[in-house]
Peer 1: 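The structure's right below; bear with me while I get my questions together.
Computed from heavy atoms alone, side chains included, the values below leave out hydrogens, waters and symmetry copies.
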Amino acid sequence: MSQPERVFYKGKEIDFIVFVDSTEALENYREQIKSGSKPALVDTVSQFKVFKNFQGTGSIGELETASKLELSVEFGDGKSIEDDIIPLILQEGEIVGGSTIHKGRFQSSNYSKGGHNN
């Protein structure tokens, strides 16, 4: 089973993140859009929420839910999260990885407990 992945959208002032079930789910969503279909978000997204970095920019760090004001400033007034904003982020954003972002590239630096790998 795949790990959730982050889809990163570079905004004008604030960057946004949506979590998808997998890279394959996002690719399938995009293919359906290209073919003229309107795919169900429930088959693609992990949560019907839009997040932002606590500091406002970047794809990593502590995340929090983006406010309605932040979303309306970036995407326009009256836009629906499910109908307008998440689909736009899925189409124009890029996968930056979820919980597997550092998989295979992390080594412990706590050598006091015998974790030294020389």
Peer 1: Under 4.5 Å between any side-chain heavy atoms of Pro39 and Ile33, yes or no?
Peer 2: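 With C-beta onward as the side chain, the pair touches.
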Peer 1: Which pairs with one or both residues in residues 37-49 pass salt bridge (charged side-chain N to carboxylate O under 4.0 Å, His left out), sequence neighbours excluded?
Peer 2: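 Sorted result for residues 37-49: empty, none.
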Peer 1: Measuring from atom CD1 of Ile17 to atom CD of Glu5, what distance do you get when rounded to the nearest 0.5 angstrom?
Peer 2: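 Output value for this atom pair is 12.5 Å.
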Peer 1: Keeping to residues at least two apart or across chains, list the salt bridge (charged side-chain N to carboxylate O under 4.0 Å, His left out) pairs with something in residues 57-72.
Peer 2: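 The answer is Lys52-Glu64, Lys52-Glu70.
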Peer 1: Is there side-chain contact between Ile86 and Val50, with heavy atoms separated by less than 4.5 Å?
Peer 2: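 Answer yes - side chains close enough.
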Peer 1: Any idea which heavy atoms bring Phe48 and Ile81 closest together, and the distance?
Peer 2: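 Where Phe48 meets Ile81 most closely, the heavy atoms are O-CG2, 4.2 Å.
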Peer 1: Following the transitive rule for hydrophobic clusters with a side-chain heavy-atom cut-off under 4.5 Å over Ile, Leu, Val, Met, Phe, Trp and Tyr, establish whether Val42 and Ile89 coincide in one cluster.
Peer 2: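 Linked, Val42 and Ile89 end up in one cluster.
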Peer 1: Would you mind listing every ring pair (Phe, Tyr, Trp, His ring centres under 6.0 Å) that reaches into residues 59-79, with sequence neighbours excluded?
Peer 2: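 Checked against ring pair (Phe, Tyr, Trp, His ring centres under 6.0 Å) - neighbours excluded - the pairs reaching residues 59-79 are Tyr9-Phe75, Phe16-Phe75.
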Peer 1: Can you tell me which residue pairs pass the side chain to side chain donor-acceptor pair (under 3.5 Å) test with a partner in residues 75-92, sequence neighbours excluded?
Peer 2: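 Checked against side chain to side chain donor-acceptor pair (under 3.5 Å) - neighbours excluded - no pair reaches residues 75-92.
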Peer 1: Run the side-chain hydrogen bond (donor to acceptor under 3.5 Å, both in side chains) test against Ser72 and tell me which residues pass, sequence neighbours left out.
Peer 2: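 So Ser72 forms no side-chain hydrogen bond (donor to acceptor under 3.5 Å, both in side chains) with any residue.
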Peer 1: Taking all heavy atoms of Glu13 and all of Glu74, pick out the closest pair and write down the distance.
Peer 2: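 Here Glu13 and Glu74 meet closest at N-OE1, 3.9 Å.
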Peer 1: Carefully, step by step, assess Val45 and Val18 under the rule side-chain contact (heavy atoms from CB on, under 4.5 Å).
Peer 2: CA-CA 7 Å; Val45 298; Val18 170; 3.9 Å; yes
Peer 1: side-chain contact (heavy atoms from CB on, under 4.5 Å) between Leu90 and Val20: does it pass, once the steps are laid out?
Peer 2: CA-CA 9 Å; Leu90 294 180; Val20 294; 3.4 Å; yes
Peer 1: Please step through side-chain contact (heavy atoms from CB on, under 4.5 Å) for the pair Leu26 and Val7, ending with a clear verdict.
Peer 2: CA-CA 9 Å; Leu26 179 62; Val7 178; 3.8 Å; yes
Peer 1: Please list, chain by chain and in numerical order, all residues satisfying side chain to side chain contact (heavy atoms under 4.5 Å, CB included) with Ser35, sequence neighbours excluded.
Peer 2: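 Checked Ser35 against side chain to side chain contact (heavy atoms under 4.5 Å, CB included); matches are Ser37.
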Peer 1: Supply the atom-to-atom distance Arg6 CZ to Phe19 CZ, rounded to the nearest 0.5 angstrom.
Peer 2: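 Output value for this atom pair is 4.5 Å.
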Peer 1: For the atom pair CZ (Phe8) and CD1 (Ile95), what is the distance rounded to the nearest 0.5 Å?
Peer 2: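 It comes to 12.5 Å.
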Peer 1: For the CG atom of Leu71 and the CD1 atom of Ile14, what is their distance to the nearest 0.5 Å?
Peer 2: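 Between atom CG of Leu71 and atom CD1 of Ile14 there are 8.5 Å.
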